[in-house]
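Given the structure is predicted, the values throughout are model-derived calculations rather than measurements. Labels below follow one simple rule: chain letters A, B, ... track the order of the sequence lines, proteins then strands, and each chain is numbered from 1.
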Amino acid sequence: MDLGLKSKVALVTGAGSQKGFGKGIAEVLAGEGCDIAACDMDYKGAEQTASDIAKKGVRAIAVKADITNSAEVKEMVKKVLDEFGRIDILVNNAGGSAPPANFVDTTEELWARDLNLNLVGMTYVTRAVLPQMIERKSGAIISISSIASTMGTAGGTAYAAAKAGINNFTRSLAQELARDGISVNCIAPSLGNTAFYDEFPKEFADNFIGRAIEAGRYVTPEEIGNVVAFLASDSTNRIMGQCIHVTG
Amino acid sequence: MDLGLKDKVALITGAGSQIGFGKGMAMALAREGVDIIVCDMDLEGAEKTAEDVRATGRKAMAVKMDITNTDEVKQGVDSALKEFGKIDILINNAGVGTTPVPFVESTEKDWDINININLRGTMNVTRAVLPQMIERKTGRIISMSSTAGLSGMATGGVYGAAKAGVTLFTDALAKEVGQYNITVNCMAPGAGATNFHKASNFPQQAQDQFKNMAAAGMTTTPEELGTVAAFLSSDKGRKINGQCLRVAGLM
C-alpha cells in the first residue's frame, strides 16, 4: 500500500533516545520517504538519530528544544521551517513520567513537571507548527498518549491526567481543523522497552516492567511507527480526533 | 509500506453490492495480493465483485450467504476452506438497518432484522471461521460497527444497540483469542453513499440527503474503509487489538 508520504516533512519530538518510540517513528516515516526533523532536549541524541536516518537516503536534521519552554519551541520550529520550508507531519512524541508515587506523597513540583512535559509542551509545539499547515490546508498531527489516559494508573495520577488531556485536546483540535484538511489523532501505547522507565526505582522497573517485557507484553518503536505512518497518510484522513490503542 | 498480505485469503460478507463498503474492502485487499471469498445473499452481485477481483490477478470465489442462516454460513465457509485451504482474514461487513422510527413505533420485526443481521450474523460467521484460525494460530477479524453504535442516535436505537453489541463482542473476543495471534477489531464508519439506506427502507428524501452529503465529500467511501481494513489485516497493525476505529470524519 502506498501511503503517499514520499517527500513529506515530519517533525518528531523526543527523538533523541536511541531506543525510544520517537526514533522508531522517525525511522518508519523515513522508510516511507519522509524528510525528518529529529527534535530532543538532548541534542547529541537527536544528532545521532538524524545521522542514522540520513543513511536511508532522506534529508534529516537534528534540532534542540525543551518542549516545556515556549520560546525554545518557537525557535526550534522556525529552524525546521527555514531548513525544509514546511512541516507536513507533526509527531508529538516527547513525554515522560516522574517515578511512581501515590498522589498524597507527591509534590507540586512533580505534578507540574508531568503536566508540563506531557500536555503543555505538546500544545506549544502544535501551536508553533499549525499556522503553516492551516495556510497550506494540509497536515497531520499525531500525538503519543498512553493507555493510562483511559485506564488510569495508580502512582501516576498527574501523568495519566496529562495524557487524558492529550486525548481531548486531540478530539477538540480535530473538530476545529477538519475543514482545513488537517487530521489530528493520538496513539495510546502500552509500555515499551524504552528509556521511559530509566528514572524509576530499579525494583519497580524489574518487577513490573521487566516481567511484562519478558512476557512479550510491550510495544516496539517500529510498531508505533507503523501506526503513525498509517495515520499520517492522506488516505486515512477520515480518521479524525481518535485515540488508537496500540497495545496488543 | 509493504503490508505483507500477499497470498493471504480473506472472506468478506456483504460484498455483492457494486457501490458498497464490502466491495471497496475486497478490492483494496486484492490490490495487496489477497485472494477473496466474496459472500452475499445476492449471488449475482457477489459474482460481479469476484470478477473484478480476478481482474486484479487474484483468485476469487463467489458464495451465496445469508449470514442469519447458520447452515448456509457453515456450508459457505466449508466450501471456501475446501477451495482455498484457509481463511486468514474475516471481514464481517454485511449489515442493514430499518426505516428510522421512534422506538415506541418500532416493531419486533424491526428489532429482529437489526439484531439478527448486524449482531447475530456477525457472530454466526465468526463462529464458523474462527476454529481454523485458532488451530493455525493466526488470523484477523474485522467487523463493522457504526458511529450509531458509539453514541446514540434518535430513531436508530435498536440498530445502534446491535452495532454497540458488535463493538463489545469485538473487545471481548480480542481478549479471548489474542493468545492465538488473532486480532479482532471493528470499524465505525459514518454514512456512506452505498446501498445501505435503500436496503434499510429509508424514505427517499433521506436517501437523497446521503447522496448530497457524498457529493460534498462528507461520507465515508468504500476506498477509505479499504485502506483501514488492509492495515488492520496486516502484521503492521498487529498491536491494535479489540479496538473500534472511527472512520467517519466529522460525522
When A:Thr236, A:Val227, A:Thr220 are compared by non-hydrogen pairs under 4.5 Å with chain B, the top option
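It is A:Val227.
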Could you have a look at A:Met240, A:Arg238, A:Glu222 and say which one has the most heavy-atom pairs with chain B under 4.5 angstrom?
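Heavy-atom pairs under 4.5 Å are most numerous for A:Arg238.
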Top of B:Asn241, B:Asp235, B:Thr220, B:Leu225 for chain A proximity - count of heavy-atom pairs under 4.5 angstrom
B:Thr220
Given the options B:Lys236, B:Met1, B:Gln243, which has more heavy-atom pairs under 4.5 Å with chain A than any of the others?
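So the answer, after comparing B:Lys236, B:Met1, B:Gln243, is B:Met1.
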Who pairs with A:Asp206 by side-chain hydrogen bond (donor to acceptor under 3.5 Å, both in side chains), at least two apart in sequence or on another chain?
A:Lys202
Of all residues at least two apart in sequence or in a different chain, which pass the side-chain hydrogen bond (donor to acceptor under 3.5 Å, both in side chains) check with A:Arg59?
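Listed in chain order: A:Glu83.
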Please determine whether a side-chain nitrogen of the Lys or Arg among B:Arg58 and B:Asp7 lies less than 4.0 Å from a carboxylate oxygen of the Asp or Glu.
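Judged by the 4.0 Å cut-off on N to carboxylate O distance, B:Arg58 and B:Asp7 do form a salt bridge.
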B:Ile240 portion near chain A, given a 4.5 angstrom heavy-atom threshold:
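Contact with chain A is through both the backbone and side chain of B:Ile240.
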What part of A:Gln175 lies closer than 4.5 angstrom to a heavy atom of chain B: side chain, backbone, both or neither?
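Its backbone and side chain both get close to chain B.
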Check A:Thr49, A:Asp52, A:Asp40, A:Asn93 against A:Lys23 for a side-chain hydrogen bond (donor to acceptor under 3.5 Å, both in side chains) and give me the one that passes.
A:Asp52
Please say which of B:Val125, B:Ile89, B:Ile91 ends up in a side chain to side chain contact (heavy atoms under 4.5 Å, CB included) with B:Leu11.
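When B:Val125, B:Ile89, B:Ile91 are each tested with B:Leu11, the side chain to side chain contact (heavy atoms under 4.5 Å, CB included) holds only for B:Val125.
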Would you check if the distance from the ring center of B:Tyr159 to the ring center of B:Phe196 is below 6.0 Å?
yes
When only heavy atoms count and the cut-off is under 4.5 Å, which of residues 126-148 of chain A reach chain B?
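If one takes a 4.5 Å heavy-atom cut-off, no residue of residues 126-148 of chain A lies near chain B.
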Do any pairs count as a ring pair (Phe, Tyr, Trp, His ring centres under 6.0 Å) and have a residue in residues 128-155 of chain A, sequence neighbours left out, and if so which ones?
none
With the side chain counted from C-beta on, respond yes when A:Glu32 and A:Leu29 share a heavy-atom pair under 4.5 Å apart, and no when they do not.
no
Aromatic rings B:His197 and B:Phe202: how do their planes relate, parallel, tilted or perpendicular, breaks at 30° and 60°?
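B:His197 vs B:Phe202 ring planes: perpendicular.
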